[in-house]
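Quick caveat, the model's predicted, so the values are computed rather than measured. The analysis underlying the following values was restricted to heavy atoms, covering all of them including side chains, and did not include hydrogens, waters or symmetry mates.
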Amino acid sequence: MSASVLGQSVRRKEDYRFLTGAGTYTDDVSVPGQLYAYFLRSPHAHARIRSIDTQAARAAPGVAAVFVGADLAGQVNGLPCGWLITGLDGQPMKEPPHPPLAQGKVRYVGDALAMVVAASLDQAKDAAESIAVDYEVLPAVVDPAQACAPGAPLVHDEVPANTCYVWGLGDKAAVDAAFAQAGHVTTLAFVNNRLIPNAIEPRAALAQYSRGDDSYTLHVTSQNPHVERLLMTAFVLNLPEHKVRVIAPDVGGGFGSKIFLYPEETVLTWAARQVNRPIKWTAERSESFLADAHGRDHVTRAELALTKDGKFLALRVHTTAAMGAYLSTFASCIPTILYATLLAGQYSTPRIYCEVTAVFTHTAPVDAYRGAGRPEATYVVERLVETAARELKIDPAEIRRRNFITQFPYQTPVALCYDTGNYPATLNEALRLADVAGFESRRKEAESRGKLRGIGYSAYIEACGLAPSNVAGSLGARAGLFEAAEVRVHPTGKVTVFTGSHSHGQGHETTFAQVVAERLGSSVEDVDVVHGDTGRIVFGMGTYGSRSLAVGGTAIVRAVDKVIAKGKKIAAHLLEAAEGDIEFAGGKFTVAGTDRELPFAQVALSAYVPHNYPLDKLEPGLDETAFYDPTNFTFPAGCHICEVEIDRATGETRIVNFTAVDDFGKVVNPMIVEGQVHGGLAQGIGQALLEACVYDRETGQLVTGSLMDYALPRSDDLPSFRVATQETPCTHNPLGVKGCGEAGAIGAPAAVMNAITDALWPLGIRDLPMPATPQTVWRALQSAPKPRGTRA
Amino acid sequence: MYAFDYVRPQTLKEAAAALRKSDQARFLAGGQSLVQALRLRLARPPLLIDLRAIDELNGIRVANNVVSIGAMTRHADVAAAKEVQRAIPALARVAAGIGDRQVRNQGTLGGSLANADPAADYPAAVLGLGATIVTSKREIPADKFFLGLFETALKPGEIIVRVDFPQPLRAGYAKFRHPASRFALVGVFVCDTTSGVRVAVTGAGPCAFRVKRMEKVLAKAFTPQAIEKIVLPAEGLNSDIHAAADYRAHLVTVMAQRAVTAAAKL
Ligand SMILES: Cc1cc2nc3c(=O)[nH]c(=O)nc-3n(C[C@H](O)[C@H](O)[C@H](O)COP(=O)(O)OP(=O)(O)OC[C@H]3O[C@@H](n4cnc5c(N)ncnc54)[C@H](O)[C@@H]3O)c2cc1C
């Protein structure tokens, strides 16, 4: 039998089509008679719409229709939010309406207020220019820290103090008591900078209505087409779900931003029937900046209580989290369920309290972005831990060791139960790979070149594969959290897997094929993976939160196991043996203890050509479906170590080394995992050094509205990463896998900022805001308490 | 994009004839600035006159210690030209540091100068080297060319034909890249000639400008230390989210020092 295909860096099956331009993205799909949509967007952060005159636009050349908010009223509902948070006061969160086209008011720069449909995009744009909107411009608030201040402009009149909810987790009284007795308290106040996702493929949609059978087909850049369909049909458009097919073909990156149900595709789908023509819309990059859901945007004050010898006693965190102008699909659960619950990190901190105030601001909606809540939590914990270590003069690795959780399962004080992990192992391997022992001599050498060199750690934890559904439901989830899969064995034994998970860069077509090939003893080439089509796939919750393999992969395994179980029945009949005596291994059914065997393909053939077949007991065919609802989250964890050099003259920071040692449980395809880590690190480093979404405080204009002002990391901003994995298999899924998609973005920001503050600590600089741009670092150096400070 | 007419003349004469059809016409060179403006509907020319087929605008020649570069010469070609690397290596370096490979393979010297982006690299080199901009109508010394934000001495319909760069004793360019756009947040070109030193700055003001105080000091001592204490007043310098005026003023000094170091190495 050949070596296991699990754990092999099988080349990605999908790369041929991506690298040769043979992929099919939404914008590549064109149908006869298709029209083009253009959305007129608000130039103001906050304004009352006194009137909209579309007369000239409707008469403009090529225009088929112009729709404004009023045209949708009564037919198109507001967009729903998928998670109900209940506040400390016992009240449900405030859910102001989110009309797909603004009604009465616009609430952020980019808020769509009209859709023009025309024969060409340029005609639609021309017509949009002739729409006269009479705005009464109103004052705006864009800074979450200012949103609840008395007198702050209200985003929604019915939401006092712009407060969506005030939510808490943990035992506040016990935490306060622990602080009162602490030997040392470390306090930090910071902003977790707002980010704009910038997937390489902008959002796009093509909506078709078929008068013949009263059905709809929507091609859309979605990470979860079934959820998109469910929300759209059941909540917004009141369409029969079975008459709507949503296809998310090749999708060029999502990072969370394509999870959500957006206004554009909703209006497009509705309008396709109104005009009885297919309508296409593809966002331009400028629109992506304005109207994709953004990420992060927290203002936090965090305190860690310790004993004098560095044992953590309690953690207290207050966060104000921006929701933007409207609640996006999962906005409410990001700074709560996916944030506060992670604040134990890798540590046995016995008491934790976190309070979160979610606020509306006159900005684009904020929702999940790679890591979603967990990068923010890791930043809180790991910046505090490293700062405490420095204040107490304890080695940062040592203070972590003193507090690591070592007994599993471990129930945290913030609701999660970690099933397994080995935090000293990832720390030790990272220390070795990063050559921490040699750091001091590297630092001295850098000093001789006039550079400040620093090293920083981040020992992160994340929770992936959000689950189980019933627990999530009791916490406010309005959706299930399972995944579905169908494994269809063809008469020749070749296999098509239909997964409810979606790949937009993750390499499912390869990884999932490996999982199936391993189990069936077939080759990766004989297994195709189909995803992203409600017309072909039974159901699915899609891809987010690093859940694809842990949840989607497990559903596939369950379906494969059903195939094998049925195959054994067929084989027993063909081999004239008892079913209990049939074994399956290496692609063959064998009668235990004999040399009588049947290859898998032959059993498959029998299932479809059932001449010699137990038709009285067994249905023909070999096609099995499974739904899998996990019993717990998975808990990937790891240790990142970053080394930086700072140019004193310009304030510029270069990352000279970056080491990431991650525990993702079992690794199916090391190359794909490494790619996921690289991408995540790039985004995490981007957050720490480069990326910041800036809205003008006075006007609410998006200052960083293009790549000319919003700094994405480029390859030469990054070092060559040193990455490795450690393995403690997840205990509650058959593959032992945990998830790897977000780890880089979760761990990296704290590691980078810990390295920068390490370099600057001798100068008396204790903290810096992200992103640590050259100007930010230079300013800190200018006002450093000890400008010529040297190391103790 | 709004609709426009398009012509592709073969000679400067034909271009002039095309111009007579419309006083609102725009020239198209590499399109790296103009096409963006068109796509964003920020410009609405009725006619585009594509300069790419006009041979007179192309080519690099070195004679009598002057490097003449045709306006339509691509950044990549300037960067790769052996004769430029030999005569004025700092100029080749400037071209090599513009944008990315795609931009360098399309963007042109003439387009960059006519566009006069406050953060563009070439203006620092042109001003620093004391070059002469030769147009379809006249010769304009660099000192008289850059007038303000996206504003030059070019008259409507005037075409940059080539730029003549006198060969210096030594020269250096130091660029502090804008973190997002990679244009010059601040770029300083320093040039040592028999008739004195020139220091030209881009990125810091509405257009490229010289720093006479540094020039005087460097003429006496061409060392980075000599200008360490010369910091421009922040007032009047560009200020944005990436660099406030005082930071830009500081960077001018640091980049000038680094340009001197680069020049001194040659
Ligand atoms: C992604 C990107 C990154 C960039 N990075 C940098 C950078 O780091 N540094 C930098 O300096 N620049 C940078 N640029 C700008 C680039 O150098 C452009 O090439 C340059 O600004 C314009 O040159 P062009 O040939 O493309 O001109 P075009 O865009 O074709 O024209 C620009 C303007 O000049 C006029 N014009 C063109 N040629 C002539 C002529 N011969 N006579 C009179 N008028 C003329 C046109 O009518 C137009 O108004 C970047 C551009 C991009 C897209």
Side-chain angles (χ1 to χ4, degrees), chain A residues 38 61-62 120-126 128-129 193 196 198 284-287 289 450 647-654 686 688-697 701-717 771-783, chain B residues 1-4 32-33 36-42 44 97 99-103 117-120 174-188 203 224-225 227-228 231 234 237-259 261:
Chain A
Y38 177 75
S120 78
L121 181 57
D122 274 316
Q123 286 175 325
K125 285 186 178 182
D126 287 343
E129 283 180 13
N193 42 324
I196 304 179
N198 272 300
E284 296 182 352
R285 182 61 56 185
S286 321
E287 278 185 291
F289 273 94
D647 181 339
R648 272 179 183 259
T650 62
E652 189 177 26
T653 301
R654 294 292 306 170
L689 290 185
L690 294 157
E691 298 184 47
C693 168
V694 178
Y695 281 98
D696 184 89
R697 278 164 181 267
Q701 292 298 322
L702 180 60
V703 181
T704 51
S706 82
L707 292 170
M708 294 296 279
D709 282 302
Y710 187 85
L712 284 182
R714 289 165 159 92
S715 57
D716 66 356
D717 289 315
T773 62
Q775 172 170 243
T776 298
V777 174
W778 176 77
R779 248 177 236 302
L781 289 168
Q782 290 307 102
S783 51
Chain B
M1 240 182 247
Y2 298 108
F4 53 81
Q32 298 301 293
S33 298
Q36 295 168 32
L38 296 177
R39 286 201 48 134
L40 291 168
R41 297 188 157 215
L42 297 172
R44 191 172 197 165
D100 52 52
R101 200 173 281 271
Q102 282 150 293
V103 169
D117 189 299
K175 171 181 183 177
F176 194 79
R177 295 184 305 187
H178 185 291
S181 76
R182 296 280 179 102
F183 275 70
L185 195 68
V186 165
V188 181
Q225 293 76 28
I227 50 172
E228 191 179 355
V231 181
L237 295 189
N238 298 341
S239 197
D240 54 37
I241 55 166
H242 297 285
D246 62 335
Y247 179 51
R248 275 197 166 83
H250 166 79
L251 285 178
V252 169
T253 305
V254 177
M255 291 302 118
Q257 289 181 286
R258 290 183 184 178
T261 305

Open item on the list: Report which part of L251(B) has an atom under 4.5 Å of a heavy atom belonging to chain A: side chain, backbone, both, or neither.
Closed with: side chain
Task: Crowding at CZ, R697(A) (>12 non-hydrogen neighbours, <6.0 Å) - done: no
Task: Test ring pair (Phe, Tyr, Trp, His ring centres under 6.0 Å) applied to Y247(B) - qualifying residues, sequence neighbours left out - done: W778(A)
Task: Option that, when pairs with chain B are counted at under 4.5 Å, heavy atom only, ranks first among D709(A), T776(A), L712(A) - done: D709(A)
- [ ] Under 4.5 Å heavy-atom distance to chain B, tell me which part of S286(A) shows up: side chain, backbone, both or neither.
- [x] side chain
Task: Note: D126(A)-R44(B) ion pair, threshold 4.0 Å (strictly below) - done: no
Task: Side chain / backbone / both / neither for A244(B) at chain A, heavy atoms under 4.5 Å - done: both
Open item on the list: Quick check on D696(A) against chain B: is it the side chain, the backbone, both or neither that has a heavy atom closer than 4.5 Å?
Closed with: neither
Task: Interchain contact, L185(B) with chain A, by part (heavy-atom threshold 4.5 Å) - done: neither
- [ ] Sort T650(A) into side chain, backbone, both or neither according to what part of it lies under 4.5 angstrom from a heavy atom of chain B.
- [x] both
Task: R41(B), part contacting chain A, at a heavy-atom distance under 4.5 Å - done: side chain
- [ ] Would you mind checking which part of S706(A) comes under 4.5 Å of any heavy atom in chain B, side chain (CB onward), backbone (N, CA, C, O), both or neither?
- [x] neither
Open item on the list: Going by the rule ring pair (Phe, Tyr, Trp, His ring centres under 6.0 Å), which residues pair with Y710(A) if we only count those two or more places apart in sequence or in a different chain?
Closed with: F289(A)
TODO: Could you look at L690(A) and say if it's the side chain, the backbone, both or neither that has a heavy atom under 4.5 Å from chain B?
DONE: side chain
Open item on the list: Taking side chain as everything from C-beta outward and backbone as N, CA, C, O, which of these in P771(A) sits under 4.5 Å from a heavy atom of chain B? Side chain, backbone, both or neither.
Closed with: neither
Open item on the list: Quick check against the 3.5 Å criterion: does H250(B) have a side-chain atom that pairs as donor or acceptor with the backbone of A649(A)?
Closed with: yes
Open item on the list: How close do E691(A) and A711(A) get, counting heavy atoms only, and between which atoms?
Closed with: CG-O, 3.1 Å
- [ ] For atom CZ of R39(B), decide whether the heavy atoms of other residues, nucleotides or ligands shown that lie under 6.0 angstrom number more than 12.
- [x] no
- [ ] Select one option (side chain, backbone, both, neither) describing which atoms of Q782(A) are under 4.5 Å from chain B's heavy atoms.
- [x] neither
Open item on the list: Could you check whether R177(B) pairs with D717(A) (Lys NZ or Arg NE/NH1/NH2 to Asp/Glu carboxylate O, under 4.0 Å)?
Closed with: no
